[in-house]
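Order of the sequence lines fixes the chain letters, A, B, ..., with proteins taken first and strands second; residue numbering starts at 1 for each chain. These numbers were taken from a predicted model, which means no experiment stands behind them.
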Amino acid sequence: MSERRYALIDCNNFYASCERVFDPRLLGVPVIVLSNNDGCVVARSAEAKALGIKMGVPFFQIEPFCKRNSVRVFSSNYTLYGDMSRRVMRVLASWAPAMEVYSIDEAFLDVSHFEEDQLQHELTSLRARVHMWTGIPVSIGVGRTKTLAKIANDIAKKGAGVAVLTQAQEPHAMTDLPVGDVWGIGRRLTAALEPLDIATASQLRDADTRQLRERFNVVVERTVMELRGVDCMTLTDVTPARKTLMVSRSFGDKVTALADLEAAVSTHSARAAEKLRAGRQIAEHLEVFMHTSPFDRTTRPYTARATVALPHATADTRLIAGTALQLARRLFKPGHRYAKAGILLVGLSDAAKATPTLFASTDDRRSRALMNALDKLNADYGRGAVRFASTKMGKAWRIRVDRRSRSYTTRWDELPVATTEPPRVRTITA
DNA sequence: TCTGGGGTCCTAGGACCC
DNA sequence: TCTGGGGTCCTAGGACCC
């Protein structure tokens, strides 16, 4: 049985390459793509990189430079990039038995079944095929683990476009590689590793894992193991459902009035609920955040963020927006110039599999009425079908009914429960 | 004057329950 | 002044990624 091998396919300068597909005149000239509000540079063609334009640089700082050097500048078009991404992924999926889409412009393929000497040839032709069918240039790196494939991909980018990193070549590839270039080691960790005399990938590979784990966390330990060739991040074939969903924007003009902040929060809420429904999901909690500009040194910084439980899991725009607005009003402090606000939906689940939820109005969890209700539901749906959740929302306790029975019809008012006010009954369906 | 948006995972600490 | 232990859930915050 041959050893496991991963190929990482990474689209070169993805957003800039997408723009080029639709305008060949952009070939060979410097191209950059800007973030929302045309704030920062988020993609650069090779020519733009050669001019020294850095990733993430604020556009206003380089605008005159771009004019002088005839750099073609684009606002981002995420609809286009998403569409191009799907085209690339389709080509890859038709070639590989197992694949994981890692981001909009990257995918891991399992290439364990190839002989090492075939790989170079096979992947070179895959690369040509992706380019021919989609117009997008890609780089391909192969390694024994995902982390090593990432290193191989960097080598591919600087060379022939395809790099197969064999075990024998690993030490050489890691000797002079700055530790910050290793996947999973960011700015903070690089700085924290420096006093431990860990500055290169090979020094990290040879470091004491127990010590690193105590000093940092399991993520760092896993990275070290991956550098040693121990596969810790296996391929996840099915893309897992998203667990959180965020909608946020920087303000074009700084916001000082509550009314403007409320307008933004309700717009973001509506958009978030829309995205939720598009993915057939519902959310349990929401977070609202707002903050002043971290770059503004002239005023006091202010940042506020808080999470609340929604009354029940939902994708309902009005409920989400209403809850978010209440929270936003609580968090808003006058006298600040807000630069950004957003909403984060947390605890997402599949709407089709969602548990119908009944709300009972009672103060007493142990009340006879509720116990009767549980008995009745258990009798109807089988023992254990109903469980009592200990979550208290205001004065209401929540009963959950497992959705084993698709023929769920029981209504609250049919239950032998005495309530002083009409209970709300929610059945969440697909 | 102007500095993105959207995710993941891990950990710590407090609340709460039995 | 002493006054349990263990488990889980929730929230906040910090690191990373593209």
In terms of side-chain heavy atoms of [X], which of [options] is nearest?
X        : options               : answer
A/Val42  : B/dC2, B/dG4, B/dT11  : B/dG4
A/Lys275 : B/dC9, C/dC17, B/dG6  : B/dG6
A/Arg337 : B/dC10, B/dC2, B/dG4  : B/dC2
A/Trp183 : C/dC17, C/dT11, B/dT3 : C/dC17
A/Val218 : B/dT8, B/dC10, B/dG4  : B/dC10
A/Lys340 : C/dT11, B/dC10, B/dG5 : B/dG5
A/Ala306 : B/dG4, C/dA12, B/dG5  : C/dA12

Original post:
So which heavy atom on A/Ala324 is nearest to which on A/Val288, and how close?
Top reply: O-CG2, 3.7 Å

At under 4.0 Å between heavy atoms, what does [X] touch on the DNA or RNA strands: base, sugar-phosphate, or nothing?
X        : answer
A/Leu189 : sugar-phosphate
A/Glu106 : sugar-phosphate
A/Ile185 : sugar-phosphate
A/Tyr102 : sugar-phosphate
A/Val247 : sugar-phosphate
A/Arg213 : nothing
A/Asp38  : nothing
A/Leu34  : nothing
A/Arg305 : base

Original post:
How is the base pairing of DNA chain C summarised as a dot-bracket string, given the Watson-Crick and G-U wobble criteria with both distances under 3.5 Å, [ ] for crossing and | for another strand?
Top reply: ....||||||||||||||

Subject >> Phosphate contact (B/dT3 OP1 or OP2) by A/Lys54 side-chain N/O below 4.0 Å >> reply: no

Subject >> A/His285 side chain near C/dT11 phosphate (N/O to OP1/OP2, under 4.0 Å) >> reply: yes

**OP:** Step by step, work out the side-chain hydrogen bond (donor to acceptor under 3.5 Å, both in side chains) result for A/Asn12 and A/Ser139.
**Re:** CA-CA 7 Å; A/Asn12 299 344; A/Ser139 300; 2.7 Å; yes

**OP:** Identify whether NZ of Lys or CZ of Arg in A/Lys333 sits under 6.0 Å from the centre of the six-membered ring of A/Tyr302 and within 45° of that ring's axis.
**Re:** no

**OP:** Using a strict cut-off of less than 4.0 Å between a Lys/Arg side-chain nitrogen and an Asp/Glu carboxylate oxygen, indicate whether A/Glu3 and A/Arg144 qualify as a salt bridge.
**Re:** yes

**OP:** Determine, for A/Lys150 against A/Glu106, whether the closest basic-nitrogen to carboxylate-oxygen distance falls under 4.0 angstrom.
**Re:** yes

Original post:
A/Ala241 or A/Asn37: which one's nearest nucleotide on DNA chain B is closer to the 5' end?
Top reply: A/Asn37

**OP:** Using heavy atoms to find the nearest nucleotide of DNA chain B for A/Gln61 and A/Arg242 separately, return the residue whose nucleotide is more 5′.
**Re:** A/Gln61

**OP:** Begin with the C-alpha distance, continue with both residues' side-chain angles, and end with the deciding distance and a verdict on ring-ring contact (aromatic ring centres under 6.0 Å, His included) for A/Trp183 and A/Tyr6.
**Re:** CA-CA 15 Å; A/Trp183 195 34; A/Tyr6 295 100; over 10 Å; no

**OP:** Would you kindly give the CE-to-C1' distance between A/Met246 and B/dT8, to the nearest whole Å?
**Re:** 11 Å

**OP:** Determine whether more than 12 heavy atoms belonging to other residues, nucleotides or ligands lie under 6.0 Å from atom CZ of A/Arg188.
**Re:** no

Subject >> ring-ring contact (aromatic ring centres under 6.0 Å, His included) between A/Phe332 and A/Tyr338, intermediate numbers included >> reply: CA-CA 10 Å; A/Phe332 178 87; A/Tyr338 292 93; 5.4 Å; yes

